[in-house]
Amino acid sequence: MAIIGIMDSGMGGLSVFREIRKALPSEHYIYYADNAHCPYGEKSPEYIRARLRAITDFFISRGAVAVVLACNTATAAAIESLRKEYDIPFVGMEPAVKPAALDTKTGVIGVLATAGTLKGSKYLNTKGRFEDHVKIVERVGRGFVELVEAGKLTGPEAEEVVKPALEPLLAEGCDRIVLGCTHYPFLLETLRKVAAELGHGDVEFIDPAPAVAKRLVQVLEGRKKGNDRGETELYASGDDAKLKEFYASL
Ligand code: DGL
């Protein structure tokens, strides 16, 4: 039985976990929401690396054989150093710039992410590979993470928060928008509604979660597969009742 640790600053990583569970239904999962320290988006890379060391030590103490950073901001800040410091595989988030760039008809793609992700070398390198071919417009999803943590996924308040980030991307002509933060897919219904109201109902939002699940399948190839039950343990550094409630609603 493979025990797999999956972490995020909060509920966002559950958007990745639901894809992982579809791809690998029989493994044993430990999901850790670092919600006492959420949001990560504006925190320093050093701070995030220290949190990730503590979380990785926790996973290893529980027998994890692989760790998924279901958080773009944590991946940007910490995955390289974790790979040097620990002897287990780490799977991180990739901003889905490539599929968006290959698929765009207007030649303009949008990226919604946290400030930390947009400043990270991983994203900047990916962007560098594509910006000769397509125009890339970025926006920080200000307030998006807080909405999701509060469970406010739809309704007038959610619409008001997403509009200022989404509107300029649409005005620039983006027809593909990459969701570069794992919290954002939970706002998909609201993003689609606001886009339609702005006259851009045909815009496509790209969630990299299925690609990350695929990557984990490859990483675990050859290992002993899980028992038939598939089991999930939920931990939170802060409010764990909120995590359990959100998980139950998946
Ligand atoms: N869900 C995270 C990400 O993918 C973290 C967001 C945050 O805590 O600011 O970036």
Side-chain angles (χ1 to χ4, degrees), residues 2-17 19-20 23-24 27 29-35 37-62 64-99 111-130 138 140 145 178-185 206-221 223 235 237:
I3 299 179
I4 297 152
I6 302 176
M7 67 72 56
D8 178 48
S9 62
M11 315 297 169
L14 293 173
S15 69
V16 182
F17 179 44
E19 294 299 327
I20 290 177
L24 294 163
E27 305 306 316
Y29 297 101
I30 305 175
Y31 184 89
Y32 189 95
D34 196 13
N35 55 358
H37 305 95
C38 183
Y40 277 3
E42 311 274 338
K43 300 234 173 27
S44 73
E46 293 73 29
Y47 180 95
I48 296 171
R49 280 197 281 275
R51 290 305 307 145
L52 263 295
R53 272 186 217 111
I55 295 166
T56 301
D57 289 341
F58 169 73
F59 284 145
I60 289 175
S61 76
R62 311 279 310 170
V65 299
V67 172
V68 179
L69 306 190
C71 174
N72 295 72
T73 316
T75 304
I79 201 159
E80 276 176 34
S81 55
L82 291 170
R83 283 181 175 145
K84 283 187 198 133
E85 290 167 34
Y86 293 89
D87 211 14
I88 56 169
F90 291 87
V91 175
M93 301 302 299
E94 287 287 341
V97 172
K98 186 177 175 184
V111 178
L112 283 171
T114 68
T117 297
L118 295 176
K119 278 190 281 201
S121 58
K122 204 177 169 80
Y123 170 69
L124 293 174
N125 288 340
T126 311
K127 182 180 159 186
R129 295 212 316 269
F130 292 94
E138 298 150 0
V140 171
V145 169
V178 176
L179 300 178
C181 168
T182 56
H183 280 73
Y184 300 177
I206 302 178
D207 175 5
V212 174
K214 240 190 193 168
R215 178 76 198 120
L216 180 65
V217 171
Q218 288 167 354
V219 164
L220 295 178
E221 216 98 70
R223 282 177 196 266
Y235 292 93
S237 55

field: Option among Phe58, Tyr29, Tyr32 that satisfies the ring-ring contact (aromatic ring centres under 6.0 Å, His included) test with Tyr235
entry: Phe58

query: Quick one: OG1 on Thr182 to CG on Leu69, what's the gap to the nearest 0.5 Å?
result: 10.5 Å

query: Could you state the interatomic distance from CD1 (Ile48) to OG (Ser81), rounded to the nearest 0.5 Å?
result: 11.0 Å

query: To the nearest 0.5 Å, what is the distance between CG (Asn35) and CE (Met11)?
result: 5.5 Å

task: Indicate yes or no: at least one non-hydrogen side-chain atom of Val68 is less than 4.5 angstrom from one of Tyr31.
output: no

field: Shortest non-hydrogen contact from His37 toward Lys43
entry: O-NZ, 3.2 Å

- request: Quick one: pull up NZ in Lys84 and CD1 in Ile79 and give me the separation to the nearest 0.5 Å.
  value: 12.0 Å

field: NE2-OG distance between His183 and Ser9, expressed to the nearest 0.5 angstrom
entry: 4.5 Å

task: Please tell me if the side chains of Cys181 and Val145 come closer than 4.5 Å, counting only heavy atoms from C-beta onward.
output: yes

message: With a sphere of 6.0 Å drawn around NZ of Lys122, does it hold more than 12 non-hydrogen atoms of other residues, nucleotides or ligands?
response: yes

query: Do Leu14 and Asp8 come within less than 4.5 Å of each other through their side chains, counting heavy atoms only?
result: no

- line: When every non-hydrogen atom of Val65 is compared with those of Ile88, the smallest separation belongs to O-CB, 3.8 Å

- line: Minimal heavy-atom distance between Ala66 and Leu220, with the atoms involved, is CB-CD2, 4.1 Å

Residues Val111, Thr117; criterion side-chain contact (heavy atoms from CB on, under 4.5 Å); working and verdict: CA-CA 10 Å; Val111 178; Thr117 297; over 6 Å; no

- prompt: Between the side chains of Asp57 and Tyr86, is a donor N or O closer than 3.5 angstrom to an acceptor N or O?
  reply: yes

statement: Heavy atoms of Gly116 and Ala76 approach each other most closely as O-CB, 4.2 Å

message: In the structure I gave you, are the side-chain heavy atoms of Val97 and Tyr123 within less than 4.5 Å of one another anywhere?
response: yes

- prompt: When you measure from the side chain of Thr73 to the backbone N and O of Gly41, does any donor-acceptor pair fall under 3.5 Å?
  reply: no

- line: When every non-hydrogen atom of Gly92 is compared with those of Arg83, the smallest separation belongs to N-NH2, 4.4 Å

message: I need the Leu112 CG to Leu118 CG distance, nearest 0.5 Å.
response: 9.0 Å

- prompt: Between Val16 and Ile6, is any pair of side-chain heavy atoms under 4.5 Å apart?
  reply: no

query: Is Glu138 salt-bridged to Lys127, cutoff N-O under 4.0 Å?
result: yes

query: Quick check: does any side chain N or O of Lys214 sit under 3.5 Å from a backbone N or O of Pro210, one acting as donor and the other as acceptor?
result: no

field: Nearest heavy atoms of Ala209 and Glu19, plus distance in Å
entry: CB-CG, 3.6 Å

query: After noting the C-alpha distance and the side-chain angles of Val212 and Glu94, does the key distance pass the side-chain contact (heavy atoms from CB on, under 4.5 Å) rule?
result: CA-CA 8 Å; Val212 174; Glu94 287 287 341; 5.8 Å; no

- prompt: Would a 4.5 Å heavy-atom cut-off, applied to side chains only, mark Asp34 and Tyr40 as touching?
  reply: yes

query: Charged N to carboxylate O below 4.0 Å: is that the case for Arg49 and Glu46?
result: yes

field: Check: Leu82 and Val67 side chains under 4.5 Å, non-hydrogen atoms
entry: no

query: With distance as the sole test, does Asn72 use its side chain to make a donor-acceptor pair with the main-chain N or O of Met93 at under 3.5 Å?
result: no

